[in-house]
Amino acid sequence: IWNEIRKQYPHARVLSIHHDDSVEEMVQIFSQLDPIDHMLWIAPEEQLPSLTDDSIIEGQEKGVIYLFTIIKSLLALGYDSRQIGWTVITQKAQHLHKYDEVNPTHASIHGLMGTLAKEYSHWKIRVIDLESLASWPMQELFTLPSDADGNPYVYREQQWHQQELVPVRYNQQEETLYKTGGVYVVIGGAGGIGEVWSEYVIRKYEAKVIWIGRREKDANIQAKIDRLASIGPTPSYIAADATDQEELYRAYEEIKQQYGPIHGIVHSAIVLLDKSLANMEEERFRAGLRVKVDVSVNIAEVFQDEPLDFVLFFSSMNSFVKAAGQSNYVAGCTFKDAFASQLALEWPCAVKVMNWGYWGTVGTVASEEYQRRMKSRGVGSIEPPEAMKALEALLVGPMNQLAFAKMTTSSTWVEVNRGKCITIYQ
Ligand SMILES: NC(=O)c1ccc[n+]([C@@H]2O[C@H](COP(=O)([O-])OP(=O)(O)OC[C@H]3O[C@@H](n4cnc5c(N)ncnc54)[C@H](OP(=O)(O)O)[C@@H]3O)[C@@H](O)[C@H]2O)c1
């Protein structure tokens with residue numbers, strides 16, 4: 001590959017940087033070079049790992065964290081005021097459709113590069129996902145236009161694709177995947193959307209709900225439990241950090257002893273730590289990412305032997321919007337989407353992703369200030385009844401991933417269609 005690149009770009013150089021170099025070390029190396037016009041970065045080639053394998057978590061170091069460090073180094077050297085082009089290449093980190101195998105390890109890169117494109121709109125960013133690093137469409141690759149939204153080009157069977165959202169319409173259905181008396185574990189259940197979901201399944205299906213959250217049970221959580229106990233079976237609360245596999249195992253064993261078989265899992269955890277990339281410290285980036293990456297892998301590991309009817313991943317519209325200031329969260333969400341898609345192929349139960357739009361009355365961004373800001377952009381607040389209806393439809397329907405957003409004029413359910421075929425003109 002390198003020889004091929006060299007033929008087209010004789011001045012190209014391979015940088016002697018390493019994934020565990022610090023920002024200071026990279027700055028030292030970059031500062032000795034002529035100004036960089038274009039950065040080509042290729043994600044390491046990886047075999048599709050088992051989804052319960054910690055190598056997915058560890059793989060972040062050589063992927064998204066490595067790229068984050070390169071970005072921070074360039075910013076430290078003043079590249080924010082220069083023009084620079086990027087070509088970032090991953091392999092099978094995006095799925096075209098629900099039967100497409102995906103290796104989620106480096107899917108987080110797509111979120112990071114998307115927010116980078118939003119934060120540095122004068123940088124020309126091209127993100128490409130190849131089927132195999134062995135067969136490069138070399139001629140076309142370097143003529144693909146950059147994408148101002150930082151969305152990837154996906155290359156499969158000699159065709160280029162880009163993702164688009166497609167409206168869907170569901171008829172009211174009688175079927176449900178929820179069980180009367182079902183046992184459901186909600187990671188992040190004591191949070192806003194977790195509580196709404198719990199109320200719905202407790203009221204309608206007398207579900208036995210167990211919440212997992214990091215903090216010790218406090219008066220606020222107890223008040224939520226008491227309120228739901230007046231509706232149906234009292235939810236339980238276990239204090240455990242789900243990014244820590246041992247803690248999640250401990251919680252699992254406690255649940256098994258008390259409840260027996262588990263019928264459904266919801267990943268509703270988030271740690272919102274917004275900052276622009278220029279102001280984002282590595283630890284902050286990692287904290288936002290970990291709650292999506294590590295918790296997803298740990299769910300697969302810990303609950304793999306349960307007779308589950310479903311695993312429900314709460315993700316965000318931000319997987320597509322890739323908003324500036326949210327690189328850690330967006331990287332986590334693009335990972336979560338890819339991880340769930342592969343899990344759906346491998347597990348016998350339903351594995352579904354809901355990419356929520358904005359919730360204005362509950363949850364982590366339910367402040368008046370946020371509501372006002374979203375309203376000014378034409379974004380309305382998702383409310384519990386419509387959201388629960390959408391989840392029922394998602395769980396029994398043919399699609400594995402839906403986005404649900406509410407505009408001030410109408411609400412929209414959209415299918416996430418990655419298969420839009422595009423032609424690249426040379
Ligand atoms: N709210 C929205 O508008 C919106 C929009 C799009 C997507 N979403 C998605 O919807 C889900 C729920 O969001 P929300 O607004 O309900 O958030 P929330 O109110 O902040 O609730 C999140 C919960 O996650 C728990 N948590 C965080 N880290 C954890 C960990 N390591 N282990 C166990 N629990 C952990 C938190 O409790 P502790 O701090 O005690 O751990 C908290 O109760 C998230 O997945 C989010 O990405 C929300």
Side-chain angles (χ1 to χ4, degrees), residues 57 111 185-200 209-222 224-225 235 237-252 265-274 286-299 302 311-323 326 328-337 339-340 352-367 370-371 373-375 377 379-384 387-388 390-391 401-406:
I57 297 172
V185 177
V186 192
I187 298 174
I193 302 175
E195 186 189 357
V196 165
W197 185 85
S198 302
E199 176 171 350
Y200 179 78
V209 176
I210 303 100
W211 291 340
I212 295 178
R214 289 166 305 172
R215 79 197 68 182
E216 290 302 321
K217 194 201 281 182
D218 56 18
N220 186 273
I221 295 173
Q222 189 58 53
K224 290 180 180 216
I225 291 174
Y237 181 83
I238 298 176
D241 182 343
T243 62
D244 181 322
Q245 204 172 97
E246 278 179 24
E247 285 200 27
L248 193 59
Y249 259 121
R250 181 183 48 74
Y252 168 69
I265 313 284
V266 184
H267 179 339
S268 188
I270 176 176
V271 173
L272 200 61
L273 291 167
D274 294 354
R286 284 177 183 273
L289 182 70
R290 203 181 291 133
V291 67
K292 299 297 185 188
V293 173
D294 300 25
V295 172
S296 298
V297 175
N298 289 346
I299 285 175
V302 170
V311 186
L312 194 47
F313 287 90
F314 289 167
S315 184
S316 169
M317 272 303 275
N318 239 326
S319 293
F320 319 111
V321 177
K322 302 182 170 99
Q326 299 200 294
N328 48 1
Y329 180 53
V330 179
C333 286
T334 52
F335 173 89
K336 203 171 183 178
D337 297 356
F339 185 87
K352 305 274 175 160
V353 181
M354 176 56 91
N355 294 83
W356 293 122
Y358 175 63
W359 286 68
T361 47
V362 299
T364 185
V365 280
S367 67
Y370 231 107
Q371 276 191 31
R373 232 191 302 158
M374 296 310 262
K375 199 171 168 195
R377 295 182 199 158
V379 179
S381 164
I382 296 173
E383 296 304 325
M388 295 306 110
L391 283 182
Q401 185 175 13
L402 281 184
F404 184 83
K406 182 102 171 271

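Remember, it's 1-based here, ligands and their atoms both numbered in the order they're listed. Model, not experiment: these values are computed from the prediction.
Residues meeting the salt bridge (charged side-chain N to carboxylate O under 4.0 Å, His left out) test with Arg286, sequence neighbours left out: Glu61, Glu282.
Side chains of Ser381 and Gln371: a donor-acceptor N/O pair is absent below 3.5 angstrom, by distance only. Between Ser198 and Trp211, the side chains place a donor N or O and an acceptor N or O closer than 3.5 Å (distance only, hydrogens not considered).
Side-chain contact between Ile225 and Lys217 is present, with heavy atoms from C-beta onward closer than 4.5 Å. Contact of the Phe339 side chain with the Lys336 side chain is not registered, since no non-hydrogen atoms from C-beta on lie closer than 4.5 Å.
Listed by chain and number, Ile187, Gly188, Ala190, Gly191, Gly192, Ile193, Ile212, Gly213, Arg214, Arg215, Ala240, Asp241, Ala242, Thr243, Ser268, Ala269, Ile270, Val271, Val291, Lys292, Phe314, Ser315, Ser316, Tyr329, Lys336, Trp356, Gly357, Tyr358, Trp359, Gly363, Thr364, Val365 each place a non-hydrogen atom less than 4.0 angstrom from ligand 1.
To the nearest 0.5 angstrom, Asp337 atom CG is 5.5 Å from Phe320 atom CZ.
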